[in-house]
Amino acid sequence: MNNQDKTNLSPKDYASSQEVRWCPGCGDYAILKTMTQTLSKLQLKKEDTVFVSGIGCAARFPYYLDTYGFHTIHGRAPAVATGVKLANPNLSVWVITGDGDGLSIGGNHLMHALRRNIDINILLFNNEIYGLTKGQFSPTSRLNTRSPSSPEGSLDSPVPPCKFALGSGASFIARAIDKDKKGLGMVLERSYEHKGATFTEILQNCIVYNDGVFNDHTGKEAGLDKQLHLVHGQPMLFGEDKQFGLALDLDLSPIIVDAKKELSKVLIHDETNEMLALMLMNLNTNQFPMAFGVIYAKPKNTFENDFHQKQNRFKRDKSVLDILKNGTTWKVD
Amino acid sequence: MNNQDKTNLSPKDYASSQEVRWCPGCGDYAILKTMTQTLSKLQLKKEDTVFVSGIGCAARFPYYLDTYGFHTIHGRAPAVATGVKLANPNLSVWVITGDGDGLSIGGNHLMHALRRNIDINILLFNNEIYGLTKGQFSPTSRLNTRSPSSPEGSLDSPVPPCKFALGSGASFIARAIDKDKKGLGMVLERSYEHKGATFTEILQNCIVYNDGVFNDHTGKEAGLDKQLHLVHGQPMLFGEDKQFGLALDLDLSPIIVDAKKELSKVLIHDETNEMLALMLMNLNTNQFPMAFGVIYAKPKNTFENDFHQKQNRFKRDKSVLDILKNGTTWKVD
Amino acid sequence: MSSDQEKSVIIRFAGDSGDGVQLLGSQFLKTSAESKENFLTFPDFPAEIRAPAGTTFGVSAYQLQVGGIHIASPGDKADVLVAFNPAALITNLQYVKESGLILVNEDTFTERNLSKAGYDKNPLVDGSLGLFQMIRLPISSQVGEALKDSDLSKSEIERTKNFWALGLISWMFDRNIDSLTEWINNKFKNNNISNANIKTLEAGYSYGDIHEIEQKIPKLYTSKGAFDAGTYTAIKGSDAMAYGLAAAVEITNIPILFCSYPITPASPVLHSLAKHKDLGVETFQAEDEIAAICSAIGASYAGILGVTSSSGPGIALKTEAMGLALSAELPLVIINSQRGGPSTGLPTKTEQSDLNQAIYGRNGDAPIPVIASSSPSDNFYTAIEAVQIAIKYMTPVLLLTDGYIANASEPWMIPSINDIPKLDLVTNTSTEHTSQAKAFERNSETLARTWIKPGTPNEMYRTGGLEKDVLTGNISYDPANHQAMTDLRFKKIACLQQDLPEQKLSRNNGSKNLILSWGSTYGVIQETLNTCENLNADHLHLRHIYPLPANFTELVQCYEKILVPELNQGQLAKYIQAETSREVISFSKVTGQPFTVDEIKERIVGLEGTK
Amino acid sequence: MSSDQEKSVIIRFAGDSGDGVQLLGSQFLKTSAESKENFLTFPDFPAEIRAPAGTTFGVSAYQLQVGGIHIASPGDKADVLVAFNPAALITNLQYVKESGLILVNEDTFTERNLSKAGYDKNPLVDGSLGLFQMIRLPISSQVGEALKDSDLSKSEIERTKNFWALGLISWMFDRNIDSLTEWINNKFKNNNISNANIKTLEAGYSYGDIHEIEQKIPKLYTSKGAFDAGTYTAIKGSDAMAYGLAAAVEITNIPILFCSYPITPASPVLHSLAKHKDLGVETFQAEDEIAAICSAIGASYAGILGVTSSSGPGIALKTEAMGLALSAELPLVIINSQRGGPSTGLPTKTEQSDLNQAIYGRNGDAPIPVIASSSPSDNFYTAIEAVQIAIKYMTPVLLLTDGYIANASEPWMIPSINDIPKLDLVTNTSTEHTSQAKAFERNSETLARTWIKPGTPNEMYRTGGLEKDVLTGNISYDPANHQAMTDLRFKKIACLQQDLPEQKLSRNNGSKNLILSWGSTYGVIQETLNTCENLNADHLHLRHIYPLPANFTELVQCYEKILVPELNQGQLAKYIQAETSREVISFSKVTGQPFTVDEIKERIVGLEGTK
Ligand SMILES: Cc1ncc(C[n+]2csc(CCOP(=O)(O)OP(=O)(O)O)c2C)c(N)n1
Ligand SMILES: Cc1ncc(C[n+]2csc(CCOP(=O)(O)OP(=O)(O)O)c2C)c(N)n1
Ligand code: SF4
Ligand code: SF4
Ligand SMILES: [Mg+2]
Ligand SMILES: [Mg+2]
């Protein structure tokens, strides 16, 4: 498998020899496919690419890619990835996590990676359930989710991943759908290009334990009036015919307007506007469409840039023994 | 010390017999004082009040109050408090934490307590430093903070506590100053009254390791044009003479207007408006005042309410052996 | 097997995750129970959730041993294997006895499936299985035939296969299928489906009758168990644990908050408790293991009992908080359902390798009682005992069980609440004291401090993880006090040791060899000693690991050789040497699989040769 | 003390946290070093950050022993106590020898201060200190007098007290104060302050001259140390650890990412490393201990060495991730600066009670080498050794040190890089293989897998915490493979054991009694054996705890009695029994304080009586 000399790597070249072991029909397959396509499109060097994951179905992802891969422990992938990136800033580092891995046990590391803005790409496969441990409700499960550990329905208000990322000070926040090659592919490319930590929520269907939870917004029946695909600088239009537009009321709450008639009222998507980002994340998806694409992106200094600049990249210019000798010493002859 | 029969407990009655051991001049003293005053004002029953803390200077707080108190381990107080409240919903449960305890090691539990909206009151004493371990920079320390572990200045972008609470789905978010008896007292009362998890950031001066970091906004010199005290339903005015007002520009960014001339443009504080809350938290405090008081408050169902309603409060109506006998069984004679 | 009284059969079902093998196994178990057989079952789950159909890593198996009075293990190799597809055959052949009986669904032996399983040639025809008795069954066609008039889809029809097999096996073992029919009717809300399942069940049953001779389908007989009079149920280990906790609430009248974060193989206890309300046990699914133990500690501080449950990696995360419960002297039960380690290891496999972690795995001198379950039903009793020790001694207690016990089932006589062993739970009658010090008054017999509950007027106190003054509970950095508190923590353990029942031998033949075991190996060791003739060894099985029973050292003193079989690299063996400075022989196995009778037997026989 | 060669003096400074007692002590140490004295120092910090002035819990102390060739401890009780206020006197009197010399700042013995300290009467006048030699010094008035013409504020003047005391003490010990003057000039940027400090330093010095007779201020003499020729520095344990890591980078040419979360008493290592750039070690302050070890593991995966450091409670949190490093076979060094436990315990006090946690505290069979430092300067060497073992064997290594070592200082000859013991770091020359399997090729001597670094073309591989196939590193649930991998992990330890230097005795008198020790007790035991006459005992000090050196069992075999002194409830003692099935005598002390020479001596003498 010597692809070193290949000038052009195909999506297949990025696949490892391991048999993929998710349940048939699992949304993870589609994500994996879009990932290899994106890697190929970007022609990332396999040896310079590292996938780090925690534990969960999603976290098996690295095994299926012929890049460097590290399947670590539950919830800690962002911390491990931080170490990888600090040790070698030339690597393209991707974190694969689930809603349990990333937001239940691992919420703290996620927050700190985002606030530090370390240049890693975090993909959270949100299936609103703990897949690997057989279907208990997760921190993103909706209220009243029935599961083996909540037979009468869960009581926990879920945490919305993108909003959590916003509160954590993320510089890049996006959302995509497992099977939406185009939307997901675009978001993956954008996150690769973004310097600093990126956070992408991927709605992923767990066919075994939570089949169809996203159908209202991602299913074929759902239709385009349930999805708002964001493009920076473009009006927020949706509907089959782009006939609807999103606007703001006086009290800053969102309203839907007839885009054909009141185009001027329609909001223009501005990725760098955090207030708009919050509004988009808070959209009540019973009445409103769900926002997809890059919801928020505003570059800021990345941690490891400063780290490597200030700290001189592990260079060793002195001997520690000389330092000691230049301190307070005395001689015995 | 039998105060049981006392009809009116004074602030002193809430103090324990332990000598207070913070550094002379530490902001924690003022907070403790306002707390005993508030407890007295509310006439909380000492036996029904529990203070739970993690580890840090702030976390010594419970020892100084003659209520129930539990000084637990670093970062875990919200989790312990959750157990206390689930076990006995009649208790008034307060969590005392620091910026290290609550936002470094303990960020995840903080987030989950807030999203579950368990009815506990979380007070985060933010001195932007690890006090107890002798002054290392913390997750709220500003960029370039020099400390024993960052002699050349810290590289981590800080996490703003209130915004983190917002991203975590908190139903109550407030900010106060250690020495501001009135403002802090009001916020403590409000958080007591609020059903559900409350989050209060208290700017606390660490006189030894981070003296004066908040002086720009809290110091005597700072003056009223650096503080915006929020009152629900009232215009956002500030300045000695309330001559300034906060307004929103077209792109949703904040601007300062002359309140004497353009009062109508001045925003009216609406605690329930999350967008306004974000704007207030994001105020660039070089140009703008800092917001104090209840920034956001919007009641929602509390976890333990549902828990105790649905789950019948640990009642035991059946014998487990009867359940077993009513299952699939066979008899041997 | 030595006598007719001992006649047992080991049967193994294997198929795709979607083939319903676990259901088939557990329903066959029910018929066994109803016909008063003894049994022990062990499901062998695939590591993947639901791997693609036909792959080897997606194979799910279920083994059980039925019959006889002495069986206490799922048996070594199977007398009968039912394999639903080539992948099931290739992966399970290693578990079948020489000349064992193999039933296969021949309809699945297509080229595609064969190659998925890794077969070059069809093993049904290439003679490679000559050593076995092979019965080829056209199960898929048979169910198709039986249901040809139904409205079900093809895949729905195919999914009734397991009931067909259940029917045939029931015929072979001469079981009554009436109760199965009844169960199917209750289980499936959809009438079409329940009718279909009943039809194929019956079709499988008649297939035996009709093709007995032509296909050489044997009738298999097993002997009945020798049970005491009583009402029995088939109990699974994880359920027994849940029921035990509920029974503890009944006995102590102290409610339980069960705080947990899902992890294999511990989660079923959480699921089992979540299902039952009105037993005084509530469940809380925390955000991680640390939050789980901390909320349990919070519950105990608040005056009810906190219980937390996990497996190795999760227990590792709880070790810091265990120290807090110890230092604050709060009752707490920590249950560890052990699995293969280190690290993530082999989550779906069983092991006993968290013993060191349980005894020693905390910072500081941090003694915490450790007890271990020996069988599925024993989980019920150890749960009750752990709760009582925790409350009586105001201490965290570690309860060790494992993946094997959690998933295995055995017949169990439902006890009455009065028959359950109880500890005298003492309460302190407190003298006059300031409120703070009152919580630190100690019971003279147990050295337990007083469990004051928030809400009690005039008894407010503060505590935490810093060292506390031995009298007042206030923070103390005094050197002598730290020594006194450290000593006190160990004296509590010494008090508990006096309180423990005397250690008995499980077999006392006056041998000079002793088998010393703990945990889930109990069954297979007992079965070995009872079913193999002339084994020269006594048997001591430890339930109380830390502290060891007071008479332990004396009891083992007279043995010349002590063999310690365990599913780890010799952790108990080293521990016994540490506690007694007495050499023992470690017999270790770390494959993720339980011991077999043969393995145990061989080592006991081999003892004669060791010096 | 037996001979003049051995003449040493123990001196203890005590005052309010704000009195500058630590600075005073460390500056006096410098003069001792310059006059080529031997010394060992031990600061005794208050538990609180900066308690209100005058309170007993705000007292900070600094003890050092100077002189003689054999001293290796800060000494038991002080010959001289300098007490800056009543609180310092009342809390430190217990550490002064009978008829010891006490110097007090009498100006602070006001009614207010006396009552804050808990004195009813003034001990300077009530005769209660009759057993001691008391010298009352008007330090506050003296500094006021000396600086009456300065521009400093009253409190600034008061703050120069420690330099006055330093001057007087220097006079008493006949030390040259020139270098102190120089140091003051460099240290204080503010000229006014440095001048004032120099003035009071000189005033203190002359006070001795002037009041020698009238106040009976004695001159104290100590004997010189017997040092080998070389350049020496006074090394503090935490600094030695930091420098050792930097030296390891120099030796191995592999950079280090030091990932840590602050905790007492481990933080000083982080601080020390953060100060130094250009040594190839970078620091990362993580959000918690789990993130710290995980980012260190990430760094090791990426091809440089991850090191993490903490104390007991933080180490507890790291135990899950240690298993990952073990399972993924990545080099990693975990440093534990032990403190008093359990739980939060006594953070500022020393203890050796995390030994069990280090050896046993992980889920699964998870063998990790454990080594322990014996003195401040030894931290330098153990750090280097830990790094080399980690890299050579591709394994996490636990390095135990403690709060006593971290904060103590001793004279140390700065070695040259060539004199530092090195392990041969082997690298695998790999044969042809697929990329995945290449990382799992093993060195035949160490069994270490190959450390492939991301960025290397064609060698991409995947790994993690699940059990791996012994050849390919792919996930494997195969029973035999799990046994093979478990065995492999233990065989690696056996290889390391062969690689370790032979265990030597630290004292070999042909006695039948052995003192068996580990960690920071080395100094006090050596001092006891060397300074007390006729002690009938040999001494073996363990640096390599797991695995034990290959010749260990044989070496200890011949002893009739083995005494194991340690600052915990007998953890090493039990471990030795576990490993050798050989009974030992535990000598345990758990007060948060180091052993004293007297305590050790008494137990050795007492050995004659034990049977
Ligand atoms: C420390 C620890 N706790 C718990 C587990 C068990 N566990 C494995 S994956 C998982 C949750 C997985 O959920 P998610 O992250 O949503 O991934 P999914 O399987 O849904 O893709 C849990 C609880 C573990 N492996 N380690
Ligand atoms: C598990 C663990 N890690 C680290 C520590 C050390 N530690 C104690 S308090 C603290 C930080 C305190 O900072 P903060 O919460 O801001 O409280 P402050 O002292 O500033 O009030 C740390 C790191 C500990 N006690 N336990
Ligand atoms: S359990 Fe769900 S998430 Fe996991 S592999 Fe199966 S379908 Fe996918
Ligand atoms: S260190 Fe800072 S926060 Fe801690 S008690 Fe002192 S002044 Fe207060
Ligand atoms: Mg999930
Ligand atoms: Mg702080």
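These values consider heavy atoms only, across backbone and side chains, with no hydrogens, waters or symmetry-generated copies. Below, read A as the first sequence line, B as the second, and so on, with proteins coming before strands; counting in each chain starts at 1.
- Under a cut-off of 6.0 angstrom, the local environment of NZ in Lys41(B) is sparse, with at most 12 non-hydrogen atoms contributed by other residues, nucleotides or ligands.
- You'll find the side chain of Lys46(B) stays beyond 4.5 Å of the side chain of Asn458(C), heavy atoms only.
- With a 4.5 Å cut-off on side-chain heavy atoms, Arg60(B) and Leu466(C) count as touching.
- Proximity to chain C (any heavy atom under 4.5 Å) is shown, for Leu321(B), by both the backbone and the side chain.
- The backbone N or O of Val320(B) sits less than 3.5 Å from a side-chain atom of Glu250(C), completing a donor-acceptor pair.
- With a 6.0 Å radius and a threshold of 12 heavy atoms from other residues, nucleotides or ligands, Lys300(B) has its NZ atom above the threshold.
- Using a 4.5 Å cut-off between heavy atoms, Ile323(B) touches chain C through its side chain atoms alone.
- At a 4.5 Å heavy-atom cutoff, the contact between Ala328(C) and chain B is made by side-chain atoms alone.
- Lys453(C) touches chain B through its backbone: at least one of N, CA, C or O sits under 4.5 Å from a heavy atom, while the side chain does not.
- The aromatic rings of Tyr461(C) and Tyr68(B) sit perpendicular, their planes meeting at an angle over 60°, well past the 30° parallel limit.
- The contact between Ala247(C) and chain B is made by backbone and side chain atoms together, counting heavy-atom distances below 4.5 Å.
- At least one side-chain heavy atom of His109(B) sits less than 4.5 Å from a side-chain heavy atom of Glu287(C).
- Side-chain atoms of Phe314(B) and Leu257(C), non-hydrogen and from C-beta on, do get closer than 4.5 Å to each other.
- The aromatic rings of Trp330(B) and Phe39(C) sit tilted, their planes meeting at an angle between 30° and 60°.
- With a threshold of 4.5 angstrom between heavy atoms, Tyr243(C) approaches chain B through its backbone and through its side chain.
- Side-chain contact check for Ser17(B) versus Gln436(C): every heavy-atom pair is 4.5 Å or farther apart.
- A distance of 10.5 Å separates NZ in Lys277(C) from NZ in Lys318(B), rounded to the nearest 0.5 Å.
- When atom types are taken as modelled, the side chain of Lys36(C) and the backbone of Lys331(B) share a donor-acceptor pair closer than 3.5 angstrom.
- Contacts of Ile254(C) with chain B are absent, with no heavy-atom separation under 4.5 Å from either backbone or side chain.
- Within 6.0 Å of CD in Glu182(C) there are 12 or fewer heavy atoms belonging to other residues, nucleotides or ligands.
- Contacts of Ile475(C) with chain B are made by side-chain atoms alone, with heavy-atom separations under 4.5 Å and no backbone atom involved.
- Using a 4.5 Å cut-off between heavy atoms, Arg115(B) makes no contact with chain C at all.
- Heavy atoms closer than 4.5 Å to chain C are found in both the backbone and the side chain of Ile73(B).
- Proximity of a side-chain donor or acceptor of Thr329(B) to a complementary backbone N or O of Thr233(C) within less than 3.5 Å is not detected.
- Taking each heavy atom of Trp412(C) and Leu324(B) in turn, the nearest pair found is CZ3-CD1, 3.7 Å.
- In this structure, chain B has a heavy atom under 4.5 Å from the side chain of Tyr301(C), while its backbone stays farther away.
- Among all heavy-atom pairs drawn from Ala291(C) and Ala79(B), the shortest one is CA-CB, 3.8 Å.
- Counting heavy-atom pairs closer than 4.5 Å to chain B, the top residue among Ser300(C), Gly455(C), Gly465(C), Pro411(C) is Gly455(C).
- Only the side chain of Asp288(C) comes within contact range of chain B, judged by heavy atoms closer than 4.5 Å.
- Residue Tyr64(B) does not touch chain C at all, counting heavy-atom pairs closer than 4.5 Å.
- Arg76(B) approaches Cys294(C) most closely through the heavy-atom pair CB-SG, 3.5 Å.
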